[in-house]
Amino acid sequence: MAQILNPLAAHIRTVKQRLIIIGATMLVALLVSFTFSGEMVAWLNRPFPNLLVFYGPTEALFASIKVSLLAAIIASLPVIFYQCWKFIEPALLPKEQRWGFPLFALAGGLFALGLTFCNLLILPLVINFFVSFGMDHDVTPLLSVGTYIDFNVKFLLIFGCAFELPLVLSILARVGVVSAQMLAKYRKYAIMAALILSAIVTPDATLVTMLLMAVPLMVLYEIGIIGARIFGRGGPTEVNLPLDPDLPIGPAGHRVR
């Protein structure tokens with residue numbers, strides 16, 4: 001029992017230490033980014049030309065904390081990836097360890113690409129659509145900073161994580177969990193899951209925001225199928241070894257090798 005508990009306790013201590021490092025890094029990044037929260041709110045406010053307002057004493061403060069937390073997560077990604085890599089590195093073979101840095105760099109690049117895609121294309125489309133719709137009905141747009149920042153931060157995080165889908169599917173195909181044929185077979189279920197997920201995670205469950213989330217997910221799923229086809233394992237190969245008649249027969253009727 002002691003031989004089992006000692007390695008487990010060591011793993012728990014290692015996880016605790018790495019989580020403390022990640023938490024401390026994010027806290028420092030949060031404090032630094034909070035000083036630039038005004039500039040970040042102004043950057044997110046580009047698609048909406050009017051000034052944002054707040055309706056409660058703490059609304060502007062919490063909006064600044066939310067946008068600072070998003071910036072802290074982005075700034076801490078290298079440390080987060082490094083700590084995760086150092087935790088799993090001892091369990092990998094030397095050949096597998098060589099793939100660590102490229103995979104984490106690709107994951108960080110895909111996350112940044114998702115944020116950029118959302119910030120430069122999706123958010124302006126969504127905000128302009130809803131603001132224009134209200135103005136066409138003779139309604140003056142007056143958005144609160146809390147609701148506006150919450151809307152932006154949720155969209156950015158969702159798209160950043162969604163752009164990891166091709167990498168995740170490619171890795172799962174590489175280790176043999178899924179295959180390109182399986183992913184293609186269940187494409188219609190993936191489309192349904194994308195629509196349901198979009199209805200759940202988008203800040204508002206309107207058809208426009210659902211489609212703006214679901215369509216990129218479907219495209220990313222198709223890219224994941226291509227990645228699974230390129231990097232996935234091939235089918236099992238038949239190895240016809242000569243049978244020794246002196247070997248015993250297994251219970252299923254096959255010779256034990």
Side-chain angles (χ1 to χ4, degrees), residues 14-37 39-40 43-44 65-124 149 152-175 177-178 183 194 197-198 201 212-213 215-232:
T14 303
V15 171
K16 182 180 178 181
Q17 291 172 357
R18 301 199 182 280
L19 288 177
I20 290 174
I21 294 174
I22 292 174
T25 303
M26 290 188 61
L27 180 60
V28 172
L30 177 63
L31 295 175
V32 173
S33 60
F34 187 77
T35 61
F36 301 98
S37 59
E39 290 80 358
M40 290 185 287
W43 170 261
L44 294 177
I65 293 175
K66 285 180 182 179
V67 72
S68 301
L69 182 60
L70 175 62
I73 293 173
I74 298 172
S76 303
L77 279 179
V79 176
I80 295 172
F81 286 153
Y82 178 77
Q83 294 300 322
C84 292
W85 167 246
K86 296 304 290 184
F87 179 72
I88 65 175
E89 184 182 20
L92 301 177
L93 298 173
K95 181 176 66 175
E96 297 170 334
Q97 291 176 359
R98 291 196 296 266
W99 286 95
F101 180 77
L103 285 178
F104 283 117
L106 181 59
L110 289 174
F111 189 85
L113 182 61
L115 294 178
T116 304
F117 176 79
C118 180
N119 183 256
L120 298 182
L121 182 62
I122 299 298
L123 280 174
I149 294 302
N152 279 261
V153 169
K154 285 181 178 179
F155 250 84
L156 289 168
L157 285 177
I158 290 169
F159 269 88
C161 295
F163 267 65
E164 305 290 343
L165 182 61
L167 179 61
V168 172
L169 294 179
S170 300
I171 293 175
L172 291 177
R174 184 64 183 176
V175 300
V177 177
V178 299
L183 295 174
L197 182 65
S198 300
V201 301
L212 286 174
M213 170 61 68
V215 171
L217 280 176
M218 298 173 192
V219 174
L220 292 168
Y221 185 82
E222 295 297 327
I223 297 175
I225 293 178
I226 298 173
R229 187 173 290 115
I230 296 173
F231 300 104

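Residue indices begin at 1 and follow the sequence shown.
Closest approach of Phe159 and Met213 over heavy atoms only: CE1-CE, 3.5 Å. Ser198 and Leu217 make their closest contact through OG-CD1, 4.0 Å (heavy atoms, listed as atom of the first residue, atom of the second, distance). The heavy-atom pair separating Ala71 from Ser33 by the smallest distance is CB-CB, 3.8 Å.
Note: Lys66 NZ to Leu44 CG = 12.5 Å, rounded to the nearest 0.5 Å. In this structure, OG1 on Thr25 lies 12.5 Å from CG on Leu30, to the nearest 0.5 angstrom. The distance from atom CG of Leu183 to atom OG of Ser170, rounded to the nearest 0.5 Å, is 9.0 Å. Between Arg174 atom CZ and Ile230 atom CD1 the span is 12.0 Å, to the nearest 0.5 Å. The line from CG of Leu212 to CG of Leu121 is 8.5 Å long, rounded to the nearest 0.5 Å. Asn152 CG to Leu70 CG: the interatomic distance, rounded to the nearest 0.5 Å, is 9.5 Å.
A donor-acceptor pair under 3.5 Å is absent between the side-chain atoms of Ser76 and the main chain of Ile73, judged by distance alone.
Residues satisfying the side chain to side chain donor-acceptor pair (under 3.5 Å) criterion with Gln17, sequence neighbours excluded, are absent altogether. Residues forming a salt bridge (Lys or Arg N to Asp or Glu O under 4.0 Å) with Glu222 (at least two apart in sequence, or on another chain): Arg187.
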- Query: Does the pair Phe163 and Phe111 meet the rule for a side chain to side chain contact (heavy atoms under 4.5 Å, CB included), with working shown?
  - Reply: CA-CA 6 Å; Phe163 267 65; Phe111 189 85; over 6 Å; no
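Within 6.0 Å of CZ in Phe104 there are more than 12 heavy atoms belonging to other residues, nucleotides or ligands.
With respect to Leu110, the side chain to side chain contact (heavy atoms under 4.5 Å, CB included) criterion is satisfied by exactly one of Leu220, Val168, Leu167: Leu167.
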